[in-house]
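Here is the naming used below: chain letters follow the sequence lines, and residue numbers restart at 1 for every chain.
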Amino acid sequence: MEYIYAALVLHNAGKDVTEEAVSAVLAAAGIEVEDSRVKALIAALDGVDIEEAVAKAAAAPVAVAAAPA
Amino acid sequence: MEYIYAALVLHNAGKDVTEEAVSAVLAAAGIEVEDSRVKALIAALDGVDIEEAVAKAAAAPVAVAAAPA
Amino acid sequence: MEYIYAALVLHNAGKDVTEEAVSAVLAAAGIEVEDSRVKALIAALDGVDIEEAVAKAAAAPVAVAAAPA
Amino acid sequence: MEYIYAALVLHNAGKDVTEEAVSAVLAAAGIEVEDSRVKALIAALDGVDIEEAVAKAAAAPVAVAAAPA
Amino acid sequence: MEYIYAALVLHNAGKDVTEEAVSAVLAAAGIEVEDSRVKALIAALDGVDIEEAVAKAAAAPVAVAAAPA
Amino acid sequence: MEYIYAALVLHNAGKDVTEEAVSAVLAAAGIEVEDSRVKALIAALDGVDIEEAVAKAAAAPVAVAAAPA
Amino acid sequence: MALYTTNLPQWKQDEVEQIVSYSGEYALTGLVDLHGIPAKQMQEMRRDLQGKAVLHMTRNTLVEHAFTAMGAPIDGITSYIDGHSALIYTNDNPFQLYRKLQQTMTKMAARPGDIAPEDIVVEKGPTSFKPGPIVGTFQQAGLPAAIEGGKVVIRERKVFVKAGEEINAKQAEVLSKLDIRPIDVGLSLQVAFYDGTFFEPSTLAIDETEYYNNVVLAAQQAFNLAVFAAYPTAQTIVPIITKAAGEARSLGVEAAIYTSDIVELIIGRASLQAKALKGMTE
């Protein structure tokens, strides 16, 4: 999930989510970056409205699963 | 939220969530880091089981958009 | 399920789901193909809208449930 | 999704999900294989218990209303 | 589905679910038996714990969908 | 349950569910047929809309009891 | 007895022969109890049975003659005969006949001397009666009746007649006033001789709901098995595909495999996690 978190750091800060930017964030965290996953992420995000995806998740019926103890 | 996401990038990659690490991640994203917010975050995370928080959220079914045509 | 997945590989790539194609995919995976199962699959798929069947999965919330600790 | 389906063909047949194997399955389906996507897939699956991840789909609440028109 | 029911007749009676046995049951019912379907059935059931499979809800949010208008 | 399954073999194949037919199916499965159970079955099914019962089962996939003896 | 038969007048001999010939003609010979069936209902029931069964009423002595003449094992039926028996013939099996006869049962008002087939209960609450001598009638019969708000009410729920007890005249009157019809009236099967065997009602009672539930269960089991084993049929292929697609999506989200179909799900999950964590730091 760290790739998506990195993308969301950027998105939340109003930055463009590019291969370079994501790689930079991950590298700064001391993570060995796999180019292919960064590429896959950027490709997958093409045309995706991150704001909307976040909003949809928030609107989801969270009710369900009270995580069992 | 970008401070939180930065913490999650680190946590997910198995890194310690420290002031320096969070600052580095944010800086790499081109974000002007506010020291006091980083400090506040680290202080707030003290004693928090990030794994548990994350697991709890994951327990909620992500409402799939499926906006039908 | 591997016969089904093979059909879905083809369908997702926009290829026709035929006996030959399914057999080829399975064989490439190193699977000993049973003709009768391929035939049964293709026969069952006759007249079925795969797209719609797949869409039904999307309509269901993916249980993102992290295994509770 | 065809990359994921290809991985599942292999996994279901009890085969190792490797770059070569996934590529072979996709190629047999007549798909032009993108190396970086295969690499990203394998990287993402590293350390993942496919059995368990797949089983979570079954945990999804069934009721789900049909997508209304 | 009659092939599945034939298998269940045998299983419930504690008999082995073989090609011959399934064919015999179907023939006794006056059904023209298709060898390849019998073979497909036996192959599909290979390694399946019928007891368990029978009790498990087919995970898909299936039919539920009153096909939307 | 094998008596029920036998009836469903016949029903699914579009055959009449008669005493003779059910007995023949069970016998073919190597089951020692109890006449009175077959008679009771036929009488009881007189008042059961098999089509409806089967449709009901398909409408909502649920976990059910394992095949009882 | 068989010898004695030959001395019967012709019409009786004909009657005996009729009984014997019916038993040869139909697969099932049975006895039904006609006790307490009013003529009107009797006619309706005969009409209901037309084409399905033959109901034959005659003198018990002639029935005995006939079955004794037929010999074992069918002569065993004579031990079931009582004062209100009639013969019934059908090609249905005994379970089917029993079921059909059950369906002809209707509820009737009780007459003095009837036996309560089950506990007869009078529920607590108001009745439709205005205050009057009826309160006394109720009370004398043992009902906790009283006058409240200008109406006759039953003060508490009461088992008025216990199952198996005889209903006396007073009780019958009260039940009739309250419009409670406790008596099952219809052709009740006493015994059926079929395929060389006697079937008694206790064997023949079928719980149809149980059969229905079992058919549903069987269908569910078959469906579950077919989907689980990925055995494709016209009925199961769609759910199987849906299941496969769901599994692939689940794997994709769990493993954070970034593809366009599910990336929104992964984003959603990440954002929920961030929110949850944020919530714990506030």
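For F:Glu52, the CD atom sits in a packed shell: over 12 heavy atoms of surrounding residues, nucleotides or ligands are nearer than 6.0 Å. Enclosure of atom CD in F:Glu32 is not indicated, since only 12 or fewer non-hydrogen atoms of other residues, nucleotides or ligands lie within 6.0 angstrom.
Only the side chain of G:Asp195 comes within less than 4.5 Å of a heavy atom of chain F; its backbone N, CA, C and O stay farther away. When heavy atoms are compared at a cutoff of 4.5 Å, F:Leu41 approaches chain G by way of both its backbone and its side chain. Neither the backbone nor the side chain of G:Tyr98 comes within contact range of chain F; no heavy atom of the residue lies under 4.5 Å from a heavy atom of that chain.
Between the OH atom in G:Tyr211 and the CG atom in F:Asp46 there is a gap of 12.0 Å [rounded to 0.5 Å]. In this structure, CG in G:Asn213 is found 6.5 Å from NZ in F:Lys56, a value given to the nearest 0.5 Å. If you take CG on G:Leu217 and OH on F:Tyr5, they are separated by 6.0 Å, rounding to the nearest 0.5 Å. Note: G:Tyr194 OH to F:Lys39 NZ = 4.0 Å, rounded to the nearest 0.5 Å. For the atom pair G:Asn93 CG and F:Thr18 OG1, the distance stands at 11.5 Å (nearest 0.5 Å). Between F:Ile4 atom CD1 and G:Tyr212 atom OH the span is 12.5 Å, to the nearest 0.5 Å.
Contact between G:Gln96 and F:Ile42 at its shortest, heavy atoms only, is NE2-CG2, 3.7 Å.
Among the residues in residues 7-16 of chain F, those with a non-hydrogen atom closer than 4.5 angstrom to a non-hydrogen atom of chain G are F:Leu8, F:Asn12.
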